[in-house]
Amino acid sequence: MNLRTGRLNKKMTDDAAVFTSSLEADKLIFDADVNCNFAHVSMLKEEKIIDGEIADKILDTLNTLKEEGFEVLTFDHSVEDIHMAIENYVTDKLGVEIAGFMHTAKSRNDQIATDLRLVLREKIDDIQLDILKFIQGLVELAEEHKETVTIGYTHLQHAQPITIAHHLMAYAQSLKRDYERLSDTRKRVNLNPLGSAAMTTTSFPINRELTTKLLGFDSYLENSMDGVSSRDFICETVFDLSSLCTSLSKICEELVLWSSYEFGIIEIADEFSSTSSIMPQKKNPDVAEVARAKSTIVTGELITILTILKAIPYTYNRDLQEITPHLWNSIKTSHDILKIVTPMTLSIAINKERCLELSGANFATATDLADIMVRERKIPFRNAHKIVGRIVNVAIDENLGNEDINSEFVDSIATELGFEELKLDNELIRQALDPLENVKMRKVPGGPSPEMVQIACNNMKNFLKEEFNNKTFIP
């Protein structure tokens, strides 16, 4: 039944009906739309805006529809969307004389805005749960590798020794911020537009506080024009997901690099790898590469959504319908990436011997040798920097290793540069140049020493416990 033929003399063409229909994208909001109708009719009954018996018949029919599911609806593109499909279902069961009251004091404009928010907050919760699980796994893996020393990079060049644990906790901190961004966005998602009607609310004495409570919103939107047209909560969510995908892509990039022969730091599990069609010796990090590529999809969706929104006047315009598929694709893509990157990362085998070898190569501990000169002999850091820079040059030219650098060698370089002899203790020099000792000395909060990393792990575990409890998640 076409419930809106009063104004129009002719039906849409079949092509126009298909072109403007959103039924395919509306499958995701089926439950939300039934719940939205249920809350609205319950409110109409409570406020005595419609007859109680009529309301009860509508509510019973909505319950039946929820049990039967989306598949019982008529998939007719002339229906345009899920809202009319559901109203047609109720009308077919009860007749228009009863079902027609369901739409009292309500528009599709505030209805779709409400549905989107109801579904989106659930999707955010699902993604947040999996972020927490990933962080939890990273913390557990980090605690196993607090003394697994490796090399840290700047400009992808050897920089200073760190531990695998410290690096993994960098991932965890980044993901924590992604989680927190979604938490903050969820506050703005969880606001109720229902009651805004088409754009100016209604002359019926509706109770917006009641529908807000029934639907589990924190509050309602206080401007009806804003209520039906605002989609910035979608932009914000997709930005958060784009940021999450960026974090995941960076992790994938490092897994690809670290698993190469040149790095040799890790081996990715077979379950997340492939081999070459012609080179049988190959083990390719295909999953990491594909995840890295797919992460760009969400950024593209964000730009599309922003571009659709930028030229729409207030209030509701049908353009807004075209945003929804990009939202759902962003959610699906980012969640899929998260769910594959998590087990792949947590299943890596770490080559401790190679990590230690890299940490002691290329004079990565040289900064601490300069720090000792400043600390022990009170010389300016720039002077120490100059001395150590020359030490490294000479050591490279003469093919010397860390074990060849002692107090006498240091003093020869210092005097050559016009400085006084430093007479540093050889044991201090040895500790400064030893990668593990070098890391252990970095006891500043946020540093890579095992005890500082354990503090960071404990803090993160406290955060996880609180968030699992707040969200009533079961880890």
Item checked: Derivation and outcome, side-chain hydrogen bond (donor to acceptor under 3.5 Å, both in side chains), residues His40 and Gln111 -> CA-CA 10 Å; His40 182 72; Gln111 193 169 334; over 6 Å; no
Note to self: Does atom CZ (Phe101) have a neighbourhood of more than 12 heavy atoms from anything else shown, all under 6.0 Å?
What the structure shows: no
Check: Would you say the side-chain atoms of Thr211 pair up with the backbone N or O of Arg208, donor to acceptor, closer than 3.5 Å?
Finding: yes
Margin query: Minimum heavy-atom separation for Thr315 and Ala198, please, with both atom names.
Written below: OG1-O, 4.4 Å
Checklist line | Sidechain N-carboxylate O distance under 4.0 Å for Asp178, Arg181 | finding: yes
Notebook entry, point to check: What is the minimum heavy-atom distance between Val341 and Ala291, and which atoms define it?
Noted result: CG2-CB, 3.9 Å
Check: Can you check whether Ile305's main-chain N or O pairs, donor with acceptor, with Arg231's side chain at less than 3.5 Å?
Finding: no
Notebook entry, point to check: Are any of the side-chain heavy atoms of Arg117 and Leu215 separated by less than 4.5 Å?
Noted result: no
Note to self: Test your reading of the model: is there a side-chain donor-acceptor pair from Arg354 to the backbone of Ile265, 3.5 Å cut-off?
What the structure shows: no
Next item on the list: Start with the C-alpha distance between Asp130 and His335, add both sets of side-chain angles, then the distance that settles side-chain contact (heavy atoms from CB on, under 4.5 Å), and finish with yes or no.
Entry: CA-CA 8 Å; Asp130 283 337; His335 206 173; 2.5 Å; yes
Margin query: Nearest 0.5 angstrom please: Glu254 CD to Ser249 OG, how far?
Written below: 10.5 Å
Note to self: For a 4.5 angstrom cut-off between non-hydrogen side-chain atoms, does Ile162 reach Val439?
What the structure shows: no
Checklist line | 4.5 Å side-chain heavy-atom contact, Pro205 and Glu47 | finding: no
Check: Of the non-hydrogen atoms in Val149 and Pro435, which two are nearest, and what is the gap between them?
Finding: CG1-CB, 3.8 Å
Note to self: The test is salt bridge (Lys or Arg N to Asp or Glu O under 4.0 Å); show your working for Lys294 and Asp336 and say whether it passes.
What the structure shows: CA-CA 10 Å; Lys294 284 181 178 290; Asp336 286 349; over 6 Å; no
Item checked: Backbone of Met84 reached by a side-chain donor or acceptor of Asp81 within 3.5 Å -> yes
Next item on the list: Give a yes or no answer on whether the side chain of Ser259 reaches the backbone of Ile266 with a donor-acceptor pair at less than 3.5 Å.
Entry: no
Next item on the list: Apply side chain to side chain contact (heavy atoms under 4.5 Å, CB included) to Thr296 and list each qualifying residue two or more places apart in sequence or on a separate chain.
Entry: none
Notebook entry, point to check: Is there a side-chain contact between Glu467 and Asn470 (heavy atoms, below 4.5 Å)?
Noted result: yes
Notebook entry, point to check: Side chain of Thr201, backbone of Ala197: donor and acceptor closer than 3.5 Å?
Noted result: no
Next item on the list: Indicate yes or no: at least one non-hydrogen side-chain atom of Asn458 is less than 4.5 angstrom from one of Glu143.
Entry: yes
Check: Would you find more than 12 non-hydrogen atoms of other residues, nucleotides or ligands less than 6.0 Å from Lys461 atom NZ?
Finding: yes
Checklist line | Sub-4.5 Å side-chain heavy-atom contact between Ile124 and Ile331 | finding: no
Check: Is the count of non-hydrogen atoms from other residues, nucleotides or ligands lying under 6.0 Å from His385 atom NE2 greater than 12?
Finding: no
Next item on the list: State whether the number of non-hydrogen atoms from other residues, nucleotides or ligands found under 6.0 Å of Lys146 atom NZ is greater than 12.
Entry: yes
Next item on the list: Determine yes or no for a side-chain-to-main-chain donor-acceptor pair under 3.5 angstrom, with Thr114 supplying the side chain and Leu194 the backbone.
Entry: yes
Next item on the list: Check step by step if side-chain contact (heavy atoms from CB on, under 4.5 Å) holds for Val119 and Glu122.
Entry: CA-CA 5 Å; Val119 176; Glu122 292 181 7; 5.6 Å; no
Margin query: With heavy-atom distances below 4.5 Å as the criterion, would you say the side chains of Phe239 and Glu236 are in contact?
Written below: no
Notebook entry, point to check: Looking only at atom types and distance, does a side-chain atom of Ser174 sit under 3.5 Å from a main-chain N or O of Tyr171, one as donor and one as acceptor?
Noted result: no
Next item on the list: Verify side-chain contact (heavy atoms from CB on, under 4.5 Å) between Phe30 and Leu65, making sure each step is shown before the conclusion.
Entry: CA-CA 10 Å; Phe30 168 73; Leu65 172 58; 3.9 Å; yes
Checklist line | Rounded distance (nearest 0.5 Å) linking atom OG1 of Thr150 with atom CD1 of Ile164 | finding: 4.5 Å
Checklist line | Pairs flagged by side chain to side chain donor-acceptor pair (under 3.5 Å) wherever residues 214-228 is involved - sequence neighbours left out | finding: Asn190-Asp218
Next item on the list: Look at Glu87 together with Lys106 and state whether they make a salt bridge at an N to O cut-off of under 4.0 Å.
Entry: no
Next item on the list: Dump the intermediate steps for side-chain hydrogen bond (donor to acceptor under 3.5 Å, both in side chains) on Glu67 and Asn63, then the final yes or no.
Entry: CA-CA 6 Å; Glu67 292 173 2; Asn63 276 329; over 6 Å; no
Check: Counting distance only, does the side-chain N/O of Ser247 pair as donor-acceptor with the main-chain N or O of Ser243 below 3.5 Å?
Finding: yes
Next item on the list: List the steps, then state whether side-chain contact (heavy atoms from CB on, under 4.5 Å) holds for Phe70 with Asp33.
Entry: CA-CA 11 Å; Phe70 180 83; Asp33 199 69; over 6 Å; no
Check: Parallel, tilted or perpendicular: which fits the ring planes of Phe263 and Tyr153, with parallel below 30° and perpendicular above 60°?
Finding: tilted
Margin query: Main chain of Leu182, side chain of Thr185: is a donor-acceptor contact present, judged purely on distance under 3.5 Å?
Written below: no
Note to self: Tell me if the CD atom of Glu46 is crowded by more than 12 foreign heavy atoms within 6.0 Å.
What the structure shows: no
Next item on the list: Decide salt bridge (Lys or Arg N to Asp or Glu O under 4.0 Å) for Arg177 and Glu180; before the verdict, give the C-alpha distance in whole Å, the side-chain angles of both, and the deciding distance to 0.1 Å.
Entry: CA-CA 5 Å; Arg177 290 192 298 276; Glu180 290 170 334; over 6 Å; no
Note to self: Quick check: closest heavy atoms across Leu62 and Val34, and the distance to 0.1 Å?
What the structure shows: O-CG1, 3.7 Å
Next item on the list: Go through Asp110 and Ser196 one step at a time and tell me if the side-chain hydrogen bond (donor to acceptor under 3.5 Å, both in side chains) criterion holds.
Entry: CA-CA 6 Å; Asp110 62 341; Ser196 299; 5.6 Å; no
Note to self: How long is the straight-line distance from CD1 of Ile86 back to SG of Cys36, given to the nearest 0.5 Å?
What the structure shows: 9.0 Å
Next item on the list: Kindly indicate whether a cation-pi arrangement holds for Arg121 with Phe217, taking the cut-offs as under 6.0 Å to the six-membered ring centre and within 45° of the axis.
Entry: yes
Note to self: What I want to find out is whether Lys45 reaches Asp56 closely enough, with some N-O distance under 4.0 Å, to be called a salt bridge.
What the structure shows: yes
Item checked: Carboxylate-amine/guanidinium contact Arg186 Asp125, below 4.0 Å -> yes
Next item on the list: Please report the closest heavy-atom contact between His145 and Thr148, naming both atoms and the distance.
Entry: ND1-OG1, 2.9 Å
Next item on the list: Specify the closest pair of heavy atoms between Ile268 and Phe272, including all atoms of both residues, with the distance to one decimal.
Entry: CG2-CB, 3.9 Å
Check: SG/Cys235 to CG/Leu309 distance, rounded to the nearest 0.5 angstrom?
Finding: 4.5 Å
Check: Does the side chain of Ile323 reach to within under 4.5 Å of the side chain of His326, using non-hydrogen atoms?
Finding: no
Margin query: Taking side chain to side chain contact (heavy atoms under 4.5 Å, CB included) as the criterion, tell me which of Ile58, Val90, Asp51 meets it with Ile98.
Written below: Ile58
